[in-house]
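Convention: sequence-line order gives letters A, B, ...; per-chain numbering from 1.
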Amino acid sequence: MKTQVPAYLEVLNPEQREAVFHTGKPLLILAGAGSGKTRVITTKIAWLIREKDADPHSILAVTFTNKAAREMAERARQIDERAGDVMLRTFHSFGAWFLRRYGNLGGLDPGFVIYDDDDSAALLATIMEGKPRTEVRAISHKIARAKDFFLSPDDPELDLIDHRDSFRTIYAKYEKRLNEIGNVDFGDLIKMPVRILREGGEAIRRFKERFKMILVDEYQDTNIAQSELLKELVCPGSYLCVVGDDDQSIYRFRGAEVKNILSFSDNFGGADIIRLERNYRSTSLILKTADSVVNHNVGRLGKTLVSEREKGKQPVLTFLSDQDNETRFCAELILESMKHSGNLYSNWALVYRTNAQSLGFETEFLRRRIPYRVVGSLKFYEREEVKDILALLSFLVNPRDEVAFRRVANKPSRGLGPSALSRITEQGGDLALAAEKLAPDLSKKAQTGVKAFLKAIEAGRAALSGDSMPVSSAWLRAGVGLSGCVVALATESGIAEYHLSHDEITGNQRLGNIQEVANAASLYPAGPEGLLNFLEHIELDRSIEDSDDSGGDKVTLITLHNTKGLEFRRVIITGIEQGIFPRDDKEGADLEEERRLFYVGATRAMDELYLTSCAYRRMYGRTMQMQPSIFLKEIDQNLLRITGKKPGGYGPVPERKKSGTSSDGRWAIGDRVYNDDHGYGYVSEIREDEDGPIIRVSFETGHQLRFLSEHQSSNFQKIREERHG
DNA sequence: TAGTTTTAAGTTTTT
DNA sequence: CTTAAAACTA
């Protein structure tokens with residue numbers, strides 16, 4: 001009798017196999033980039049079902065993005081069909097699922113709607129009435145952060161986020177209002193389940209027995225609240241396996257704690273650790289390039305990632321004069337490669353730090369007829385008209401939703417001014433009822449406005465329950481499912497007609513966008529449950545690439561953050577300039593995160609890696625002089641092939657001379673300086689370069705400016721230091 | 001008060 | 001160069 005290893009296990013290397021077969025104690029898999037961690041997780045799921053007779057329903061797998069979840073489910077199913085019954089979700093999507101079932105134990109109505117960051121800020125604005133928008137946003141951000149760290153308004157540690165009492169008060173008010181409305185924000189999707197799981201009860205006790213095996217991907221990007229959630233889900237007898245790579249932690253700004261990896265063993269009672277250090281994706285020169293940058297980080301576990309592939313082509317670093325040349329260079333690079341037979345556009349990824357950078361590439365690619373797709377940044381669901389329709393839908397689900405009500409009650413204008421709106425929302429509860437009750441007390445104009453709004457809501461409700469005839473207007477088509485409801489709301493509210501007339505003048509496609517929402521809604525069954533699912537799907541997963549983006553041979557335009565978990569044969573990382581990547585306000589731990597971001601981006605490349613850096617770049621409509629990114633200097637020069645004109649700020653030696661006075665005798669550190677554009681400041685740094693001394697001035701406004709002593713000294717007047725008494 | 005014009009301000013990264 | 005807030009007019 002043969003003890004043959006099944007094919008799906010045979011493809012694994014010894015470490016991967018060890019990770020798959022591991023049972024018992026909690027397991028931490030430290031998996032470097034391209035070391036096959038997805039394969040390990042999917043195989044492990046299948047193995048648990050096949051060889052360990054695990055019930056698929058007792059397995060929970062958590063990923064970082066919905067896309068990753070879909071991919072993982074697909075790959076696991078390919079090994080074993082039964083893997084389709086595994087619960088495979090993001091943390092947030094799991095939280096939403098949990099709250100729909102058990103939220104009532106925490107006083108939450110199951111018909112809640114999820115607020116995105118904009119909605120949260122809008123609610124906060126009603127609490128912080130009169131405060132400038134930026135301040136409201138800042139507080140809103142801090143509240144989100146507090147929830148990431150699992151901090152309540154009364155937690156002493158809240159001081160770490162904002163020590164002011166006023167912050168506590170506002171946070172508490174915000175929580176109270178959100179609770180009254182009966183909706184949740186992103187943070188609540190994690191925080192509330194933890195609370196409910198802790199408070200227990202019979203139903204919870206039974207629920208806790210469900211998941212015997214829990215697997216977590218991208219563990220380095222989990223936050224404190226998510227770690228707490230895991231602690232509640234893991235109970236005696238259940239098995240926990242997490243996979244992560246400290247070098248790929250890039251969501252610190254969102255509350256991610258790399259420390260979760262370091263303290264994993266302490267948190268979960270003595271864990272085993274398995275390292276996956278063989279990289280199958282990138283050629284060794286690419287890997288070395290990526291590694292040489294992240295190696296400059298101090299706070300890292302450190303690992304030796306070895307390429308299983310050949311040396312490969314040298315990564316190419318190209319210096320360009322400006323961003324127009326950058327877009328041209330990239331376009332030509334891609335087109336050139338297409339001359340060779342068998343090449344595909346989809347082998348290429350064009351990567352940048354900020355979404356705004358995609359624009360230039362898009363116009364150039366359109367002009368040159370290079371097919372492309374932009375990942376993320378599709379701000380479709382953030383457009384005004386789309387959010388309006390979604391607000392109307394949300395209001396149908398939850399008529400207590402003050403944010404939705406304020407957004408659409410007077411849209412298009414129907415005489416409901418701020419005062420009337422406030423009087424209605426002050427009533428609380430069902431705002432449709434409140435409006436109806438209060439109407440007689442309002443001005444004549446406002447009364448008709450209320451009537452018009454309620455009529456639209458009524459039409460929406462009718463369409464939702466299927467009591468009405470299928471709606472169809474001259475401007476919008478209603479098909480099946482929920483689309484009738486969308487069309488009913490859009491036409492009856494007057495929003496459709498409003499945009500119809502405006503689109504004709506402005507040439508916008510707003511009505512078309514509303515039709516898109518209707519189309520998307522047609523995939524969901526009419527009725528309250530379908531509507532809830534539709535709204536939840538939009539809030540939690542805004543990638544709408546399933547529709548028409550997946551097919552076709554296209555170049556991928558994508559931010560560095562979004563590349564996580566993906567791989568491409570050829571990658572161009574663009575805009576590697578000081579101020580862009582990294583941003584110049586980054587230092588310490590934040591700078592280290594930027595380095596990891598470079599590491600993530602570079603390790604996406606399988607065969608070829610290109611890096612570009614511009615000497616000038618247009619920002620805010622102004623052309624700015626740029627310095628090459630510090631990261632470029634951190635790469636071992638021997639690894640790269642460098643083309644284009646090397647700028648002065650780029651030299652083979654990372655260390656550069658710094659001195660107290662400039663060699664031309666014009667400037668000294670500490671000199672007080674006046675500049676017409678930025679006011680007063682002082683000389684904070686002097687560097688000697690090929691083109692002469694470079695002076696850095698820090699202004700009182702916080703701005704910093706660098707200039708060449710030889711050419712631009714006349715713009716900076718030296719002020720004699722005046723000392724008082 | 002609704003809709004326009006003028007002015008200022010501002011850009012990470014995302015579930 | 002875009003977008004949001006403030007100021008302004010009908």
Trainee: Taking CG from A:D221 and P from B:dT15, how many angstroms apart are they, rounded to a whole number?
Mentor: 12 Å

Trainee: Which of parallel (below 30°), tilted (30 to 60°) and perpendicular (above 60°) describes A:Y352 and A:F361?
Mentor: parallel

Trainee: With nearest nucleotide decided by heavy atoms, which residue, A:S413 or A:M619, maps closer to the 5′ end of DNA chain B?
Mentor: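 Looking at DNA chain B, the more 5' nearest nucleotide goes with A:S413.
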
Trainee: Looking at A:R353 and A:E577, is any side-chain nitrogen of the basic one under 4.0 Å from a carboxylate oxygen of the acidic one?
Mentor: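 The answer is no: the pair does not qualify as a salt bridge.
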
Trainee: Using the six-membered ring of A:F112, assess whether NZ or CZ of A:R100 lies under 6.0 Å from its centre and within 45 degrees of the ring axis.
Mentor: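 That pair qualifies as a cation-pi contact.
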
Trainee: So A:F64, base contact, sugar-phosphate only, or nothing? Heavy-atom distance under 4.0 Å.
Mentor: sugar-phosphate

Trainee: Check every strand shown and say whether A:D117 touches a base, only sugar-phosphate, or nothing at a heavy-atom separation below 4.0 Å.
Mentor: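 Answer is base: heavy atoms of A:D117 come under 4.0 Å of a base.
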
Trainee: For B:dT13, does either OP1 or OP2 sit under 4.0 Å from a side-chain N or O belonging to A:N355?
Mentor: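 So the side chain of A:N355 is within the cut-off, an N or O lying under 4.0 Å from OP1 or OP2 of B:dT13.
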
Trainee: Specify the separation, in whole Å, of atom CZ of A:R583 and atom P of B:dT13.
Mentor: 9 Å

Trainee: Just to be sure I follow the notation: if a pair is Watson-Crick (purine N1 to pyrimidine N3 plus N6-O4 or O6-N4) or a G-U wobble (N1-O2 and O6-N3), each under 3.5 Å, what dot-bracket string does DNA chain B give, with | for pairs to another strand?
Mentor: ||||||||||.....

Trainee: Start at the 5' end of DNA chain B and walk down; is the nucleotide closest to A:K445 or to A:E593 reached first?
Mentor: A:K445

Trainee: Between the base of B:dT15 and the ring of A:F186 - centre-to-centre under 5.5 Å, planes within under 30° - is that a stack?
Mentor: yes

Trainee: Rounded to whole angstroms, how far apart are CD on A:Q578 and C1' on B:dT12?
Mentor: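 Answer to the nearest Å: 15 Å.
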
Trainee: Within less than 4.0 Å of OP1 or OP2 of B:dT14, is there a side-chain N or O belonging to A:T559?
Mentor: yes

Trainee: Measure from CD1 on A:I580 to P on B:dG10 and round the result to the nearest Å.
Mentor: 18 Å

Trainee: Can you tell whether the side chains of A:K387 and A:D116 come within less than 4.0 Å, N to carboxylate O?
Mentor: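 Yes.
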
Trainee: Quick one: A:E135 CD to B:dG10 P, roughly how many Å, whole number?
Mentor: 13 Å

Trainee: What is the distance, to the nearest angstrom, from the CD atom on A:E382 to the P atom on C:dA4?
Mentor: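 Atom CD in A:E382 sits about 11 Å away from atom P in C:dA4.
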
Trainee: Is A:K259 salt-bridged to A:E257, cutoff N-O under 4.0 Å?
Mentor: yes

Trainee: Cut-off 3.5 Å, side chains only: do A:E362 and A:Y372 have a donor facing an acceptor?
Mentor: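 Yes, A:Y372 and A:E362 have a side-chain donor paired with an acceptor closer than 3.5 Å.
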
Trainee: Return the value, rounded to whole Å, for the distance between atom CZ of A:F98 and atom P of B:dT15.
Mentor: 23 Å

Trainee: Has A:N562 got a side-chain N or O lying under 4.0 Å from the OP1 or OP2 atom of B:dT14?
Mentor: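 Yes, A:N562 has a side-chain N/O under 4.0 Å of OP1/OP2 on B:dT14.
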
Trainee: Out of B:dA2, B:dT15, B:dT12, which nucleotide sits closest to the side chain of A:T65?
Mentor: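 Side chain of A:T65 sits closest to B:dT15.
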
Trainee: Nearest-Å distance, CD1 (A:I573) to P (B:dT12)?
Mentor: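 Distance, rounded to whole Å: 21 Å.
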
